[in-house]
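This report refers to the structure that appears directly beneath it.
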Amino acid sequence: MGIEPTNTSLIWILCGLAAFFTSRIALLSLLIFASAFQANSVFGLVYNEVNFPIIPYYWVGILIFVRLLLDLLAGRLSRVPPGLGLATLSFVLLGFYALISIIVLPFIFGGLPVYDPRGGIDEQYMNPSTLKFSLSMIGQTVLLWLNILILFWSAVYPKKHTETGKLLKWLQWSIAFTVGIALWQFVARYLDVPFPYELFHNVKGWSLGYDQTVEDIQRVSGSFTEPSNLATFLLGFTVFLLALGVSRKTFKGLHVLFMLSLTTLLLTTSTTAYIGLTLVGILIITFHFIVPLIIKGKIDRKKVISIIIGMGLTSAMIIMLATVFWEPVFKIIQVLIVEKGDSGSFVHRLASDFHAIKLFFQTAMLGVGIGGNRSSSFLTWLLSNVGIFGSLLFMIGTWYTAQTAIKSACKEGAHRSDRCSLAVAMMWGLVGTLMAKFIAQPDLNFPSLWIWLILLAFMSSVDKPSERKAL
(Lines give C-alpha, C1' and ligand atoms only; values in the text may rest on other atoms or scores of the structure.)
Protein backbone atom coordinates (compact mmCIF):
# COMPACT_ATOMS: atom_id res chain seq x y z
CA MET A 1 0.00 0.00 0.00
CA GLY A 2 1.28 3.44 -0.89
CA ILE A 3 0.34 7.06 -0.24
CA GLU A 4 -0.22 9.39 -3.17
CA PRO A 5 -0.18 13.11 -2.30
CA THR A 6 -2.11 15.78 -4.20
CA ASN A 7 -1.55 19.44 -4.99
CA THR A 8 -3.54 20.44 -1.89
CA SER A 9 -2.00 17.95 0.55
CA LEU A 10 0.27 20.47 2.25
CA ILE A 11 -2.53 23.02 2.76
CA TRP A 12 -4.93 20.59 4.41
CA ILE A 13 -2.24 18.85 6.48
CA LEU A 14 -0.98 22.17 7.89
CA CYS A 15 -4.53 23.43 8.56
CA GLY A 16 -5.41 20.17 10.30
CA LEU A 17 -2.32 20.17 12.50
CA ALA A 18 -2.80 23.86 13.36
CA ALA A 19 -6.37 23.17 14.47
CA PHE A 20 -5.28 20.04 16.36
CA PHE A 21 -2.75 21.95 18.45
CA THR A 22 -5.00 25.01 18.91
CA SER A 23 -8.20 23.74 20.51
CA ARG A 24 -10.99 21.20 20.24
CA ILE A 25 -13.43 23.78 18.93
CA ALA A 26 -10.90 24.67 16.21
CA LEU A 27 -10.90 21.02 15.12
CA LEU A 28 -14.69 20.86 15.06
CA SER A 29 -14.86 24.17 13.17
CA LEU A 30 -12.38 22.90 10.56
CA LEU A 31 -14.45 19.73 10.20
CA ILE A 32 -17.48 21.86 9.29
CA PHE A 33 -15.44 23.83 6.77
CA ALA A 34 -13.85 20.69 5.28
CA SER A 35 -17.25 19.12 4.61
CA ALA A 36 -17.66 21.59 1.72
CA PHE A 37 -14.75 20.08 -0.24
CA GLN A 38 -16.02 16.66 -1.29
CA ALA A 39 -14.14 16.61 -4.62
CA ASN A 40 -10.84 17.49 -2.98
CA SER A 41 -8.32 14.95 -1.75
CA VAL A 42 -5.66 15.36 0.92
CA PHE A 43 -3.94 12.16 -0.21
CA GLY A 44 -4.85 8.79 -1.64
CA LEU A 45 -4.23 5.31 -0.26
CA VAL A 46 -3.19 3.13 -3.20
CA TYR A 47 -3.57 -0.66 -3.07
CA ASN A 48 -3.45 -2.96 -6.12
CA GLU A 49 -3.68 0.12 -8.36
CA VAL A 50 -6.95 1.15 -6.67
CA ASN A 51 -6.98 4.65 -5.16
CA PHE A 52 -8.91 5.23 -1.92
CA PRO A 53 -8.97 9.03 -1.49
CA ILE A 54 -8.92 10.68 1.92
CA ILE A 55 -10.97 13.83 1.50
CA PRO A 56 -10.45 16.85 3.85
CA TYR A 57 -13.45 15.97 6.03
CA TYR A 58 -12.01 12.57 6.88
CA TRP A 59 -8.49 13.90 7.30
CA VAL A 60 -9.82 16.20 10.03
CA GLY A 61 -11.88 13.25 11.30
CA ILE A 62 -8.68 11.22 11.75
CA LEU A 63 -7.18 14.05 13.79
CA ILE A 64 -10.34 14.19 15.93
CA PHE A 65 -10.01 10.43 16.50
CA VAL A 66 -6.46 10.99 17.76
CA ARG A 67 -7.75 13.79 20.01
CA LEU A 68 -10.45 11.44 21.33
CA LEU A 69 -7.82 8.86 22.28
CA LEU A 70 -5.70 11.49 24.03
CA ASP A 71 -8.74 12.83 25.91
CA LEU A 72 -9.68 9.29 26.98
CA LEU A 73 -6.18 8.60 28.27
CA ALA A 74 -6.11 11.93 30.12
CA GLY A 75 -9.61 11.43 31.55
CA ARG A 76 -10.83 14.77 30.15
CA LEU A 77 -14.14 13.57 28.75
CA SER A 78 -17.47 14.03 30.49
CA ARG A 79 -20.40 11.65 30.56
CA VAL A 80 -22.76 11.18 27.66
CA PRO A 81 -25.55 13.81 28.02
CA PRO A 82 -28.86 12.53 29.39
CA GLY A 83 -31.04 11.35 26.55
CA LEU A 84 -28.16 10.92 24.12
CA GLY A 85 -27.25 7.51 25.48
CA LEU A 86 -29.83 5.70 23.34
CA ALA A 87 -28.71 7.57 20.24
CA THR A 88 -25.07 6.71 20.90
CA LEU A 89 -25.93 3.07 21.57
CA SER A 90 -27.95 2.89 18.33
CA PHE A 91 -25.08 4.24 16.24
CA VAL A 92 -22.56 1.95 17.95
CA LEU A 93 -24.79 -1.06 17.28
CA LEU A 94 -25.11 0.12 13.67
CA GLY A 95 -21.32 0.17 13.46
CA PHE A 96 -21.08 -3.38 14.80
CA TYR A 97 -23.83 -4.57 12.47
CA ALA A 98 -21.98 -3.01 9.52
CA LEU A 99 -18.79 -4.78 10.58
CA ILE A 100 -20.50 -8.14 10.97
CA SER A 101 -22.42 -7.66 7.71
CA ILE A 102 -19.30 -7.35 5.55
CA ILE A 103 -17.78 -10.44 7.18
CA VAL A 104 -20.82 -12.70 6.88
CA LEU A 105 -23.40 -11.50 4.34
CA PRO A 106 -21.26 -11.38 1.14
CA PHE A 107 -20.43 -15.06 1.68
CA ILE A 108 -23.99 -16.12 2.49
CA PHE A 109 -25.55 -14.23 -0.42
CA GLY A 110 -22.53 -14.21 -2.74
CA GLY A 111 -23.42 -14.26 -6.41
CA LEU A 112 -26.60 -12.20 -6.12
CA PRO A 113 -26.85 -9.50 -8.81
CA VAL A 114 -25.99 -6.07 -7.37
CA TYR A 115 -25.10 -2.61 -8.59
CA ASP A 116 -21.38 -2.19 -7.92
CA PRO A 117 -20.91 0.97 -5.77
CA ARG A 118 -17.77 1.90 -7.72
CA GLY A 119 -19.65 1.75 -11.03
CA GLY A 120 -22.31 3.98 -12.52
CA ILE A 121 -26.02 3.23 -12.32
CA ASP A 122 -26.60 3.89 -16.01
CA GLU A 123 -23.79 1.54 -17.05
CA GLN A 124 -25.11 -1.29 -14.86
CA TYR A 125 -28.73 -1.10 -15.98
CA MET A 126 -29.64 -4.59 -17.25
CA ASN A 127 -25.99 -5.54 -16.69
CA PRO A 128 -25.44 -5.77 -12.91
CA SER A 129 -22.38 -7.11 -11.14
CA THR A 130 -22.37 -9.98 -8.64
CA LEU A 131 -22.12 -9.65 -4.88
CA LYS A 132 -18.68 -10.35 -3.46
CA PHE A 133 -16.50 -9.14 -0.63
CA SER A 134 -14.50 -6.03 -1.57
CA LEU A 135 -12.13 -3.49 -0.07
CA SER A 136 -14.84 -0.85 -0.57
CA MET A 137 -16.88 -2.61 2.12
CA ILE A 138 -14.00 -2.27 4.55
CA GLY A 139 -13.60 1.39 3.61
CA GLN A 140 -17.30 2.14 4.14
CA THR A 141 -17.24 0.43 7.54
CA VAL A 142 -14.13 2.33 8.66
CA LEU A 143 -15.65 5.66 7.60
CA LEU A 144 -18.90 4.83 9.41
CA TRP A 145 -17.03 4.08 12.63
CA LEU A 146 -15.02 7.27 12.25
CA ASN A 147 -18.24 9.30 11.96
CA ILE A 148 -19.72 7.56 15.01
CA LEU A 149 -16.61 8.29 17.09
CA ILE A 150 -16.58 11.95 16.00
CA LEU A 151 -20.23 12.24 17.04
CA PHE A 152 -19.42 10.66 20.42
CA TRP A 153 -16.44 12.99 20.93
CA SER A 154 -18.48 16.09 20.07
CA ALA A 155 -21.00 15.14 22.75
CA VAL A 156 -18.62 14.32 25.61
CA TYR A 157 -15.66 16.70 25.40
CA PRO A 158 -15.91 19.62 27.88
CA LYS A 159 -17.07 22.79 26.18
CA LYS A 160 -18.06 26.36 26.93
CA HIS A 161 -21.44 27.80 25.99
CA THR A 162 -19.72 30.57 23.97
CA GLU A 163 -18.43 27.95 21.51
CA THR A 164 -21.83 27.75 19.82
CA GLY A 165 -21.20 31.21 18.39
CA LYS A 166 -17.96 30.01 16.81
CA LEU A 167 -19.74 27.07 15.22
CA LEU A 168 -22.35 29.38 13.71
CA LYS A 169 -19.60 31.53 12.19
CA TRP A 170 -17.91 28.49 10.65
CA LEU A 171 -21.23 27.25 9.31
CA GLN A 172 -21.57 30.61 7.59
CA TRP A 173 -18.01 30.43 6.25
CA SER A 174 -18.65 26.92 4.95
CA ILE A 175 -21.74 28.10 3.07
CA ALA A 176 -19.97 31.23 1.80
CA PHE A 177 -16.99 29.30 0.40
CA THR A 178 -19.22 26.66 -1.20
CA VAL A 179 -21.41 29.30 -2.84
CA GLY A 180 -18.39 31.40 -3.84
CA ILE A 181 -16.64 28.50 -5.59
CA ALA A 182 -19.83 27.44 -7.40
CA LEU A 183 -20.61 30.99 -8.57
CA TRP A 184 -16.97 31.38 -9.64
CA GLN A 185 -17.36 28.26 -11.75
CA PHE A 186 -20.62 29.59 -13.25
CA VAL A 187 -19.14 33.00 -14.12
CA ALA A 188 -15.96 31.43 -15.52
CA ARG A 189 -18.02 29.33 -17.91
CA TYR A 190 -20.21 32.28 -18.85
CA LEU A 191 -17.18 34.49 -19.61
CA ASP A 192 -15.24 31.56 -21.10
CA VAL A 193 -12.29 32.00 -18.74
CA PRO A 194 -10.31 29.22 -17.00
CA PHE A 195 -11.52 27.70 -13.74
CA PRO A 196 -9.00 25.81 -11.52
CA TYR A 197 -10.61 22.37 -11.62
CA GLU A 198 -7.26 20.81 -10.74
CA LEU A 199 -7.42 22.65 -7.40
CA PHE A 200 -11.00 21.80 -6.38
CA HIS A 201 -11.48 18.48 -8.23
CA ASN A 202 -8.25 16.57 -7.59
CA VAL A 203 -9.82 13.46 -6.01
CA LYS A 204 -8.83 10.21 -7.74
CA GLY A 205 -10.72 6.94 -7.85
CA TRP A 206 -14.14 8.61 -7.91
CA SER A 207 -16.32 9.59 -10.83
CA LEU A 208 -16.26 13.36 -11.42
CA GLY A 209 -19.24 15.03 -13.10
CA TYR A 210 -18.29 18.70 -13.05
CA ASP A 211 -18.89 19.14 -16.79
CA GLN A 212 -22.58 18.13 -16.89
CA THR A 213 -25.07 20.11 -18.98
CA VAL A 214 -28.86 20.46 -19.19
CA GLU A 215 -29.60 21.32 -22.80
CA ASP A 216 -27.16 24.21 -23.34
CA ILE A 217 -26.96 25.10 -19.64
CA GLN A 218 -23.78 24.16 -17.75
CA ARG A 219 -24.62 22.76 -14.33
CA VAL A 220 -22.50 23.91 -11.40
CA SER A 221 -20.82 21.43 -9.08
CA GLY A 222 -18.58 23.80 -7.13
CA SER A 223 -16.22 21.85 -4.87
CA PHE A 224 -18.28 18.65 -5.13
CA THR A 225 -17.96 15.65 -7.42
CA GLU A 226 -21.23 16.36 -9.25
CA PRO A 227 -24.12 18.87 -9.18
CA SER A 228 -26.49 16.56 -7.29
CA ASN A 229 -24.03 16.27 -4.39
CA LEU A 230 -23.63 20.05 -4.29
CA ALA A 231 -27.43 20.33 -4.31
CA THR A 232 -27.72 17.91 -1.36
CA PHE A 233 -25.17 19.92 0.63
CA LEU A 234 -26.77 23.27 -0.22
CA LEU A 235 -30.31 22.08 0.45
CA GLY A 236 -29.41 21.32 4.06
CA PHE A 237 -27.60 24.63 4.55
CA THR A 238 -30.22 26.71 2.73
CA VAL A 239 -32.96 25.19 4.86
CA PHE A 240 -30.78 25.83 7.94
CA LEU A 241 -30.55 29.52 7.06
CA LEU A 242 -34.29 29.70 6.36
CA ALA A 243 -35.16 28.04 9.67
CA LEU A 244 -32.67 30.25 11.51
CA GLY A 245 -34.33 33.34 10.07
CA VAL A 246 -37.78 32.08 11.03
CA SER A 247 -36.77 31.03 14.56
CA ARG A 248 -34.75 34.10 15.52
CA LYS A 249 -36.02 37.65 15.78
CA THR A 250 -34.06 38.79 12.73
CA PHE A 251 -31.72 37.33 10.16
CA LYS A 252 -28.95 39.61 11.48
CA GLY A 253 -27.30 39.99 8.09
CA LEU A 254 -27.94 36.43 6.87
CA HIS A 255 -30.43 37.51 4.17
CA VAL A 256 -27.67 37.91 1.60
CA LEU A 257 -26.10 34.55 2.42
CA PHE A 258 -29.49 32.85 2.19
CA MET A 259 -30.19 34.43 -1.20
CA LEU A 260 -26.78 33.45 -2.58
CA SER A 261 -27.17 29.91 -1.29
CA LEU A 262 -30.64 29.66 -2.82
CA THR A 263 -29.40 31.04 -6.14
CA THR A 264 -26.58 28.51 -6.28
CA LEU A 265 -29.00 25.74 -5.36
CA LEU A 266 -31.17 26.70 -8.34
CA LEU A 267 -28.12 26.76 -10.63
CA THR A 268 -27.45 23.08 -9.93
CA THR A 269 -30.65 22.32 -11.93
CA SER A 270 -31.13 19.37 -9.62
CA THR A 271 -34.65 17.95 -9.46
CA THR A 272 -33.74 16.55 -6.05
CA ALA A 273 -32.99 20.03 -4.73
CA TYR A 274 -36.11 21.62 -6.16
CA ILE A 275 -38.46 18.95 -4.82
CA GLY A 276 -36.67 18.76 -1.47
CA LEU A 277 -36.63 22.54 -0.99
CA THR A 278 -40.36 22.76 -1.74
CA LEU A 279 -41.27 19.96 0.68
CA VAL A 280 -39.07 21.18 3.54
CA GLY A 281 -40.21 24.78 3.00
CA ILE A 282 -43.82 23.63 3.40
CA LEU A 283 -42.89 21.76 6.58
CA ILE A 284 -41.14 24.80 8.09
CA ILE A 285 -44.06 27.11 7.34
CA THR A 286 -46.48 24.52 8.76
CA PHE A 287 -44.62 24.00 12.05
CA HIS A 288 -43.67 27.64 12.62
CA PHE A 289 -46.85 29.36 11.48
CA ILE A 290 -49.87 27.16 10.83
CA VAL A 291 -49.52 24.90 13.90
CA PRO A 292 -49.02 27.83 16.35
CA LEU A 293 -51.97 29.61 14.73
CA ILE A 294 -54.21 26.57 15.25
CA ILE A 295 -53.01 25.84 18.80
CA LYS A 296 -52.58 29.36 20.19
CA GLY A 297 -54.76 31.35 17.84
CA LYS A 298 -51.89 33.76 17.13
CA ILE A 299 -48.47 33.91 15.50
CA ASP A 300 -45.29 35.89 15.99
CA ARG A 301 -45.55 39.06 13.89
CA LYS A 302 -41.78 39.41 13.65
CA LYS A 303 -41.57 35.93 12.18
CA VAL A 304 -44.25 36.84 9.65
CA ILE A 305 -42.38 40.01 8.66
CA SER A 306 -39.10 38.07 8.35
CA ILE A 307 -40.63 35.36 6.16
CA ILE A 308 -42.44 37.94 4.00
CA ILE A 309 -39.16 39.77 3.40
CA GLY A 310 -37.45 36.49 2.55
CA MET A 311 -40.21 35.40 0.19
CA GLY A 312 -40.29 38.85 -1.42
CA LEU A 313 -36.55 38.82 -2.09
CA THR A 314 -36.77 35.26 -3.39
CA SER A 315 -39.63 36.12 -5.72
CA ALA A 316 -37.79 39.22 -6.96
CA MET A 317 -34.66 37.18 -7.65
CA ILE A 318 -36.60 34.49 -9.55
CA ILE A 319 -38.44 37.11 -11.62
CA MET A 320 -35.16 38.89 -12.40
CA LEU A 321 -33.44 35.67 -13.45
CA ALA A 322 -36.44 34.58 -15.50
CA THR A 323 -36.56 37.98 -17.22
CA VAL A 324 -32.86 38.24 -18.02
CA PHE A 325 -32.29 34.57 -18.80
CA TRP A 326 -35.81 33.59 -19.91
CA GLU A 327 -34.67 31.24 -22.68
CA PRO A 328 -32.29 29.07 -20.60
CA VAL A 329 -34.75 29.15 -17.68
CA PHE A 330 -37.50 27.85 -19.95
CA LYS A 331 -35.17 25.09 -21.17
CA ILE A 332 -34.34 24.06 -17.62
CA ILE A 333 -38.02 23.90 -16.65
CA GLN A 334 -38.80 21.91 -19.77
CA VAL A 335 -36.03 19.41 -19.08
CA LEU A 336 -36.84 19.04 -15.38
CA ILE A 337 -40.60 18.65 -15.76
CA VAL A 338 -41.02 16.98 -19.14
CA GLU A 339 -37.85 15.41 -20.47
CA LYS A 340 -36.23 14.18 -17.24
CA GLY A 341 -39.22 12.04 -16.35
CA ASP A 342 -39.01 10.36 -19.73
CA SER A 343 -35.21 10.08 -19.80
CA GLY A 344 -33.24 6.87 -19.65
CA SER A 345 -31.39 8.17 -16.58
CA PHE A 346 -34.63 8.46 -14.61
CA VAL A 347 -35.65 4.94 -15.64
CA HIS A 348 -32.23 3.56 -14.68
CA ARG A 349 -32.31 5.15 -11.24
CA LEU A 350 -35.82 3.95 -10.61
CA ALA A 351 -34.76 0.46 -11.67
CA SER A 352 -31.82 0.55 -9.23
CA ASP A 353 -34.23 1.37 -6.39
CA PHE A 354 -36.58 -1.47 -7.32
CA HIS A 355 -33.60 -3.80 -7.52
CA ALA A 356 -32.49 -2.68 -4.05
CA ILE A 357 -35.92 -3.50 -2.64
CA LYS A 358 -35.73 -6.89 -4.36
CA LEU A 359 -32.35 -7.52 -2.72
CA PHE A 360 -33.82 -6.51 0.63
CA PHE A 361 -36.31 -9.38 0.46
CA GLN A 362 -33.91 -11.82 -1.20
CA THR A 363 -31.57 -11.46 1.78
CA ALA A 364 -34.34 -12.03 4.33
CA MET A 365 -34.27 -8.28 5.15
CA LEU A 366 -30.64 -8.56 6.35
CA GLY A 367 -29.06 -6.68 3.44
CA VAL A 368 -25.98 -7.58 1.41
CA GLY A 369 -23.48 -5.80 3.67
CA ILE A 370 -22.53 -2.12 3.82
CA GLY A 371 -21.02 -1.00 0.52
CA GLY A 372 -22.32 -4.07 -1.32
CA ASN A 373 -24.98 -2.44 -3.48
CA ARG A 374 -25.69 0.94 -5.04
CA SER A 375 -29.11 2.47 -5.56
CA SER A 376 -30.48 5.94 -6.22
CA SER A 377 -32.32 6.62 -2.94
CA PHE A 378 -30.80 6.65 0.53
CA LEU A 379 -33.76 4.68 1.89
CA THR A 380 -33.36 1.82 -0.60
CA TRP A 381 -29.59 1.97 -0.04
CA LEU A 382 -30.10 1.43 3.70
CA LEU A 383 -32.53 -1.44 3.18
CA SER A 384 -30.38 -3.25 0.62
CA ASN A 385 -27.05 -2.74 2.40
CA VAL A 386 -27.70 -2.90 6.15
CA GLY A 387 -31.19 -4.39 6.09
CA ILE A 388 -34.04 -3.73 8.45
CA PHE A 389 -31.87 -3.81 11.59
CA GLY A 390 -29.29 -1.32 10.35
CA SER A 391 -31.96 0.97 8.91
CA LEU A 392 -33.90 1.07 12.19
CA LEU A 393 -30.72 1.65 14.20
CA PHE A 394 -29.78 4.60 12.00
CA MET A 395 -33.26 6.12 12.25
CA ILE A 396 -33.41 5.64 16.03
CA GLY A 397 -29.97 7.19 16.48
CA THR A 398 -30.88 10.14 14.26
CA TRP A 399 -34.21 10.75 15.99
CA TYR A 400 -32.82 10.73 19.54
CA THR A 401 -29.80 12.85 18.59
CA ALA A 402 -32.09 15.59 17.25
CA GLN A 403 -34.61 15.21 20.08
CA THR A 404 -31.96 15.43 22.80
CA ALA A 405 -30.41 18.54 21.24
CA ILE A 406 -33.76 20.34 21.04
CA LYS A 407 -34.70 19.39 24.62
CA SER A 408 -31.32 20.50 25.96
CA ALA A 409 -31.20 23.77 24.03
CA CYS A 410 -34.81 24.75 24.68
CA LYS A 411 -35.15 23.61 28.28
CA GLU A 412 -36.34 25.81 31.14
CA GLY A 413 -38.67 27.76 28.88
CA ALA A 414 -35.82 29.23 26.84
CA HIS A 415 -37.78 28.87 23.61
CA ARG A 416 -36.69 32.26 22.34
CA SER A 417 -33.00 31.91 23.19
CA ASP A 418 -30.44 31.98 20.42
CA ARG A 419 -29.18 28.56 21.42
CA CYS A 420 -32.65 27.09 21.05
CA SER A 421 -33.09 28.79 17.66
CA LEU A 422 -29.74 27.46 16.50
CA ALA A 423 -30.54 23.90 17.57
CA VAL A 424 -33.94 24.02 15.83
CA ALA A 425 -32.31 25.36 12.66
CA MET A 426 -29.71 22.56 12.77
CA MET A 427 -32.51 20.04 13.08
CA TRP A 428 -34.11 21.49 9.94
CA GLY A 429 -30.74 21.36 8.20
CA LEU A 430 -30.64 17.64 8.97
CA VAL A 431 -34.21 17.23 7.70
CA GLY A 432 -33.32 19.03 4.46
CA THR A 433 -30.25 16.85 3.91
CA LEU A 434 -32.19 13.67 4.62
CA MET A 435 -34.96 14.81 2.27
CA ALA A 436 -32.45 15.21 -0.57
CA LYS A 437 -30.83 11.88 0.24
CA PHE A 438 -34.11 9.98 0.37
CA ILE A 439 -34.93 11.36 -3.07
CA ALA A 440 -31.62 10.68 -4.80
CA GLN A 441 -28.38 10.70 -2.75
CA PRO A 442 -27.58 7.28 -1.28
CA ASP A 443 -24.20 7.68 0.48
CA LEU A 444 -24.36 6.88 4.23
CA ASN A 445 -20.97 8.50 4.83
CA PHE A 446 -21.77 11.74 2.99
CA PRO A 447 -20.04 14.43 5.16
CA SER A 448 -22.87 16.98 5.37
CA LEU A 449 -25.25 14.32 6.74
CA TRP A 450 -22.93 13.63 9.67
CA ILE A 451 -22.08 17.31 10.16
CA TRP A 452 -25.68 17.97 11.25
CA LEU A 453 -25.73 14.90 13.53
CA ILE A 454 -22.37 15.89 15.06
CA LEU A 455 -23.51 19.48 15.62
CA LEU A 456 -26.76 18.34 17.23
CA ALA A 457 -24.79 16.04 19.54
CA PHE A 458 -22.62 19.07 20.39
CA MET A 459 -25.69 21.18 21.16
CA SER A 460 -27.03 18.51 23.51
CA SER A 461 -24.10 18.98 25.88
CA VAL A 462 -23.61 22.77 26.08
CA ASP A 463 -23.95 23.88 29.68
CA LYS A 464 -26.15 26.98 29.53
CA PRO A 465 -28.71 28.34 27.05
CA SER A 466 -27.66 31.99 27.40
CA GLU A 467 -25.53 32.66 24.32
CA ARG A 468 -27.32 35.66 22.90
CA LYS A 469 -24.14 37.76 22.77
CA ALA A 470 -22.05 34.91 21.36
CA LEU A 471 -24.36 34.44 18.41
Side-chain angles (χ1 to χ4, degrees), residues 24-25 27-29 31-32 35 61 64-65 67-69 71-72 74-98 143-168 171 236 240 243 382 386 389-415 417-431 433-434 444-445 447-467:
R24 296 172 183 83
I25 191 62
L27 265 180
L28 190 55
S29 300
L31 185 76
I32 296 171
S35 68
I64 289 178
F65 174 67
R67 172 56 63 190
L68 170 63
L69 294 179
D71 287 343
L72 281 173
R76 295 194 186 101
L77 300 179
S78 58
R79 294 182 179 180
V80 177
L84 199 62
L86 183 57
T88 305
L89 177 62
S90 298
F91 285 126
V92 169
L93 290 176
L94 173 61
F96 278 114
Y97 185 81
L143 295 182
L144 174 61
W145 269 106
L146 187 56
N147 281 313
I148 293 170
L149 291 174
I150 296 172
L151 184 146
F152 171 75
W153 173 80
S154 71
V156 297
Y157 87 81
K159 54 186 70 70
K160 300 177 181 179
H161 65 269
T162 53
E163 292 181 356
T164 57
K166 296 179 181 178
L167 291 184
L168 178 59
L171 281 167
F240 164 77
L382 282 173
V386 294
F389 299 112
S391 301
L392 288 175
L393 287 171
F394 175 80
M395 293 176 185
I396 293 171
T398 300
W399 172 265
Y400 279 101
T401 300
Q403 183 189 62
T404 304
I406 299 299
K407 285 185 176 180
S408 175
C410 302
K411 64 184 178 182
E412 299 177 1
H415 300 294
S417 74
D418 284 334
R419 182 179 163 221
C420 179
S421 300
L422 187 57
V424 170
M426 287 176 177
M427 182 271 294
W428 281 115
L430 174 62
V431 171
T433 303
L434 284 172
L444 174 61
N445 291 309
S448 66
L449 169 65
W450 286 94
I451 279 295
W452 295 119
L453 290 170
I454 290 165
L455 289 176
L456 286 168
F458 174 94
M459 295 298 291
S460 69
S461 57
V462 179
D463 291 331
K464 298 179 181 180
S466 55
E467 294 90 37

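Side-chain contact between L444 and L143: absent, with no pair of heavy atoms (C-beta onward) separated by less than 4.5 Å. Using a 4.5 Å cut-off on side-chain heavy atoms (C-beta onward), M395 and S90 make no contact. Here the side chains of I64 and L146 are not in contact, with every heavy-atom distance at 4.5 Å or above. Two residues are said to be in side-chain contact when any heavy atoms from C-beta on lie closer than 4.5 Å; L28 and E163 fail this criterion. Within the 4.5 Å cutoff, side-chain heavy atoms of L151 are placed close to those of F91. Between L171 and L455 the shortest side-chain heavy-atom distance falls below 4.5 Å.
Contact record, I25 with L167: CD1-CD2, 3.6 Å, taken as the closest heavy-atom pair. Scanning all heavy atoms of the two residues, the minimum distance from A425 to A243 falls at CA-CB, 3.9 Å. Closest heavy-atom contact between R419 and S408: NH2-OG, 2.8 Å. The two residues V424 and C410 make their nearest non-hydrogen contact at CG2-SG, 4.4 Å. In terms of heavy atoms, A409 sits closest to C420 at O-CB, 3.7 Å.
Checked by atom type and distance alone, the side chain of S154 pairs as donor or acceptor with a backbone atom of I454 at under 3.5 Å. At least one donor-acceptor pair closer than 3.5 Å links the side chain of S35 to the backbone N or O of I32. Distance alone, capped at 3.5 Å, places no donor-acceptor pair between the T433 side chain and the L449 backbone. Remark: the backbone N or O of Y157 is not paired with any side-chain donor or acceptor of S78 at under 3.5 angstrom.
Here CE of M459 is found 13.0 Å from OG1 of T404. Values are rounded to the nearest 0.5 Å. Between the CG atom in L77 and the CZ atom in R67 there is a gap of 10.5 Å [rounded to 0.5 Å].
Under the 6.0 Å cut-off for aromatic ring centres, W145 and F65 do not qualify, their centroids lying 6.0 Å or more apart. Aromatic ring centres of F458 and W153 lie farther apart than the 6.0 Å criterion allows.
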Practice prompt. Take M426 and L430, measure what side chain to side chain contact (heavy atoms under 4.5 Å, CB included) needs, and give me the verdict at the end.
Written response: CA-CA 6 Å; M426 287 176 177; L430 174 62; over 6 Å; no

| What do the steps show when you test L422 against F240 for side chain to side chain contact (heavy atoms under 4.5 Å, CB included), and what is the final call? | CA-CA 9 Å; L422 187 57; F240 164 77; 3.8 Å; yes

**Q.** Evaluation steps, side chain to side chain contact (heavy atoms under 4.5 Å, CB included), between T401 and W452
**A.** CA-CA 10 Å; T401 300; W452 295 119; over 6 Å; no

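Around OH of Y97, the count of heavy atoms belonging to other residues, nucleotides or ligands within 6.0 Å exceeds 12.
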For residues 82-89, please give each side-chain donor-acceptor pair under 3.5 Å, one per line with the distance, not counting sequence neighbours.
unit_1 : atom_1 : unit_2 : atom_2 : d
T88    : OG1    : L84    : O      : 2.9

